There are 4 protein chains.
Amino acid sequence: MPKRTDRTARRQEILDAAVRVFARKGFATSRIEDVAAAAGIAKGTVYLYFDSREALLAAAFEDYAARSAALLTDLGAGPPLERLARLVRGAAEMLAAHPDHARVLLDVWASAPIRTQSATSPLDMARVYSDVRQAVTGLLREAEAQGVLRPGVDERHAAVIVGAIEGCLLQWLVDPRLPLTELADTIADVCVAGVRA
Amino acid sequence: MPKRTDRTARRQEILDAAVRVFARKGFATSRIEDVAAAAGIAKGTVYLYFDSREALLAAAFEDYAARSAALLTDLGAGPPLERLARLVRGAAEMLAAHPDHARVLLDVWASAPIRTQSATSPLDMARVYSDVRQAVTGLLREAEAQGVLRPGVDERHAAVIVGAIEGCLLQWLVDPRLPLTELADTIADVCVAGVRA
Amino acid sequence: MPKRTDRTARRQEILDAAVRVFARKGFATSRIEDVAAAAGIAKGTVYLYFDSREALLAAAFEDYAARSAALLTDLGAGPPLERLARLVRGAAEMLAAHPDHARVLLDVWASAPIRTQSATSPLDMARVYSDVRQAVTGLLREAEAQGVLRPGVDERHAAVIVGAIEGCLLQWLVDPRLPLTELADTIADVCVAGVRA
Amino acid sequence: MPKRTDRTARRQEILDAAVRVFARKGFATSRIEDVAAAAGIAKGTVYLYFDSREALLAAAFEDYAARSAALLTDLGAGPPLERLARLVRGAAEMLAAHPDHARVLLDVWASAPIRTQSATSPLDMARVYSDVRQAVTGLLREAEAQGVLRPGVDERHAAVIVGAIEGCLLQWLVDPRLPLTELADTIADVCVAGVRA
DNA sequence: CATGAATGAGTCTTCATTCAT
DNA sequence: AATGAATGAAGACTCATTCAT
């Protein structure tokens with residue numbers, strides 16, 4: 001019942017609580033009241049900051065999408081395959097560093113509607129992956145121009161590299177015993193070795 | 001001579017209808033009545049064959065798990081890395097051949113409970129992945145014994161290979177424009193090249 | 001929990017219960033559960049027969065509209081002003097005979113949206129009154145043709161005659177001490193005397 | 001010298017805003033926040049001037065009741081039937097001149113509790129109509145004393161006359177295409193002709 | 001076996017009202 | 001006085017599940 005002034009901070013508190021709850025129970029069985037309780041506020045207060053339960057999931061996705069986009073711009077300098085390895089490791093580490101957010105991705109994936117045509121949804125996971133593939137494809141092209149790639153490498157390989165990351169993430173989410181962090185190097189390893197000349 | 005179809009066949013009809021419905025709308029928004037309608041039967045009849053809505057999802061998972069296990073035993077003969085490539089391609093093709101079942105995996109993943117320790121759930125996706133990783137690890141060991149592997153390859157690489165498949169599946173599910181079938185060779189390509197000596 | 005077969009009868013039972021409840025408490029404060037309780041069924045059952053709380057009000061209105069339309073066709077024979085008197089009395093008696101339905105009209109009126117243009121609403125009270133005015137206008141025209149009307153009578157007088165009925169109804173609804181039935185003759189009296197040559 | 005306006009004026013501003021809002025959306029769907037927004041103030045401020053949402057409706061009714069009472073005292077001089085016609089026209093014109101207030105009457109009517117016995121409510125519409133009927137009855141008695149009434153006219157006719165006004169108002173509220181102002185003369189016409197000797 | 005009417009627990013969401021600032 | 005963040009009671013509606021027919 002305190003009168004908070006920083007709407008943004010309060011919003012983030014609620015979102016963090018939501019991610020925590022969604023991660024524990026899954027989105028499907030998480031009630032708004034659970035989120036409110038986790039945030040230490042009343043049910044109705046959640047609605048002052050988010051339009052609906054869905055909006056909480058969408059906001060969580062936005063957080064992820066933003067972090068994901070940031071990865072693509074912080075690759076530093078160096079040979080393209082080195083930057084690729086950095087990108088792969090960065091992604092794995094980012095996911096491992098935010099396990100609750102990562103767990104919520106399962107729900108984001110599941111709530112992705114069948115996208116026959118285009119249609120932009122609030123949970124445009126397709127766009128995120130497309131962007132990452134673009135970035136990887138760019139790095140592969142650079143490497144190819146430098147002659148360090150074996151022939152026949154194309155954007156499909158970008159999909160496989162992105163897939164390797166997400167697939168390891170998935171296995172880790174489904175079975176936390178899998179050491180995602182330790183896997184980061186291996187992913188980079190396989191991916192780079194898999195395309196190098 | 002049962003009436004029209006025996007109990008097992010009718011059960012499978014219902015399950016197929018459920019998979020169809022779950023694939024279109026997602027498990028969360030699919031109602032028992034939708035499944036019944038898709039199967040051309042009444043709501044109550046579903047309960048004569050399945051204990052609950054959850055049981056339908058579990059049964060769909062079982063179908064997948066069985067097909068997945070089958071993949072591991074039909075690798076034929078030949079050099080281990082060839083069999084590995086066959087396994088990878090087989091998995092991708094199996095998934096692409098059953099798009100509705102594949103879509104339901106999104107819901108299976110999302111309904112995976114947090115599994116701190118062991119705990120066997122009706123949706124033991126962890127077990128499935130573990131089995132596949134075991135198989136891949138076996139092939140890698142064989143290859144290693146034959147000296148065709150570069151040094152340092154271990155069971156982590158198995159996780160990455162499995163991850164590449166599942167991650168491509170995921171991207172395809174989230175964005176059907178991605179050509180999963182065409183990707184099969186590329187996945188095998190990268191995975192094998194990524195571990196070969 | 002009995003298994004009823006006559007859907008129409010059950011629907012009418014629920015609607016009757018709803019009218020009873022709405023009449024006692026007003027639509028605004030009547031909960032679906034109240035209606036269900038009055039009908040001796042569970043809350044959810046109401047929704048098997050009506051889409052929403054609003055739909056119950058709309059259905060109650062339909063009952064009224066139908067009864068109202070019936071009034072316009074059962075005027076029998078005789079001089080037009082006699083038939084007009086019969087119409088007026090019939091309306092008053094019909095309303096008095098169904099006090100609960102009449103009370104619900106207050107809520108129907110209040111829920112009539114502002115109808116700037118045309119737009120057909122499920123509660124088209126405007127249409128009902130328009131129809132009655134048409135009928136009254138028809139009778140007045142007949143009377144005029146027979147020369148029994150004083151000059152200058154037009155469709156406005158129809159509105160006033162309809163108004164007299166509805167206005168008495170309103171006063172009765174707001175203050176049940178007013179004897180609507182006794183008023184029927186007076187309304188007919190004033191209306192006929194007010195237009196006669 | 002109060003800040004900008006004194007308490008009474010501010011209260012009236014809010015009430016006017018409320019009437020505007022209630023007229024557009026109906027009382028049932030009007031939220032306090034809507035009223036505050038229409039008045040250009042914050043939600044909480046409304047409560048400094050009105051105890052509750054209901055109190056706003058009651059206050060709107062009071063305004064109407066006061067205007068209605070005023071009608072009864074400004075009839076000027078002249079023959080009683082002339083004053084009656086003036087009263088009828090005055091009522092219709094008053095209502096037409098304040099369409100928002102008139103629209104709110106629909107909600108006032110609908111919120112009238114079932115009044116089995118007496119019971120004074122904050123929305124005593126019964127009292128208002130009773131008072132008007134008294135006034136009309138007074139005029140009719142005067143006319144009767146002057147021998148200008150046909151025999152048999154009593155207080156029931158007063159109810160019909162009041163009913164004619166309110167019923168026309170109702171039709172206009174439900175269907176704004178009806179020209180209430182033009183109807184004023186017709187109402188007076190029918191009512192006077194309906195009772196004159 | 002099959003049906004589908006009935007149930008009622010479960011949740012989202014709204015919004016009148018309060019009160020700390 | 002004014003504000004608007006916070007509250008939480010209230011209620012519409014859904015739908016998995018049951019069971020009488």
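Note on naming: letters A, B, ... go to the chains in the order of the sequence lines (proteins, then strands), and numbering restarts at 1 for each one. This is a predicted model, so every value here is computed, not measured. Heavy-atom basis, side chains included; hydrogens, waters and symmetry copies ignored.
Minimum atom distance to the side chain of D:Thr45 is reached by F:dA2, of the listed F:dA2, F:dT17, E:dA16. Among F:dT7, E:dC1, F:dC13, the nucleotide with an atom closest to any side-chain atom of C:Ser52 is F:dC13. Distance from the side chain of C:Leu48 is smallest for E:dA5 among the nucleotides F:dA16, F:dG11, E:dA5. Listed nucleotides E:dA2, F:dG8, F:dA2 differ in distance to A:Ala42; the shortest reach to its side chain belongs to F:dG8. Candidate nucleotides E:dT17, F:dA16, E:dT13 were compared by shortest atom distance to the side chain of B:Tyr47, and F:dA16 ranks first. Side-chain proximity of A:Arg31 to E:dT11, F:dA12, E:dC15: nearest is E:dT11.
Distance alone, capped at 3.5 Å, places no donor-acceptor pair between the A:Arg103 side chain and the A:His98 backbone. Between the D:Arg24 side chain and the D:Ser30 main chain, no donor and acceptor come within less than 3.5 Å of each other.
For F:dA1, there is no paired base (Watson-Crick or G-U wobble, both distances below 3.5 Å).
What separates CZ of C:Arg10 from P of E:dA5 is a distance of 11 Å, to the nearest Å. Rounded to an integer number of Å, the gap from CD of B:Glu33 to P of E:dG4 is 10 Å. Rounded to a whole Å, the CD1 atom of B:Ile14 is 8 Å from the P atom of E:dA2. Distance NZ (D:Lys25) to C1' (E:dC15): 12 Å, rounded to an integer number of Å. Between the CZ atom of A:Arg11 and the P atom of F:dA6 there is a distance of 14 Å, rounded to whole Å. As a whole-Å value, the separation of B:Asp51 CG from F:dT18 C1' is 13 Å. What separates CD1 of C:Ile41 from P of F:dT18 is a distance of 21 Å, to the nearest Å. The distance from atom OH of B:Tyr49 to atom P of F:dT17 is 18 Å, rounded to the nearest whole Å.
At least one cation-pi condition fails for A:Arg53 and A:Phe22: the charged atom is not both under 6.0 angstrom from the six-membered ring centre and inside a 45 degree cone around its axis.
Within the 4.0 Å cut-off from OP1 or OP2 of F:dG4, not a single side-chain nitrogen or oxygen of A:Arg7 is found.
For A:Ser30 and C:Gly44, each mapped to the nucleotide of DNA chain E holding its nearest heavy atom, the one lying further toward the 5' end belongs to C:Gly44. Of the two residues near DNA chain F, C:Arg53 and B:Ala28, the one whose nearest nucleotide lies more 5' is C:Arg53.
At a cut-off of 3.5 angstrom, counting only N and O atoms as typed in the model, there is no donor on one side facing an acceptor on the other between the side-chain of A:Lys43 and the base of F:dT7.
When all heavy atoms of A:Asp63 and A:Leu15 are compared, the pair lying nearest together is OD2-CD2, 3.7 Å.
In summary, D:Arg31 and D:Asp34 engage in a salt bridge, as defined by a charged side-chain N under 4.0 Å from a carboxylate O.
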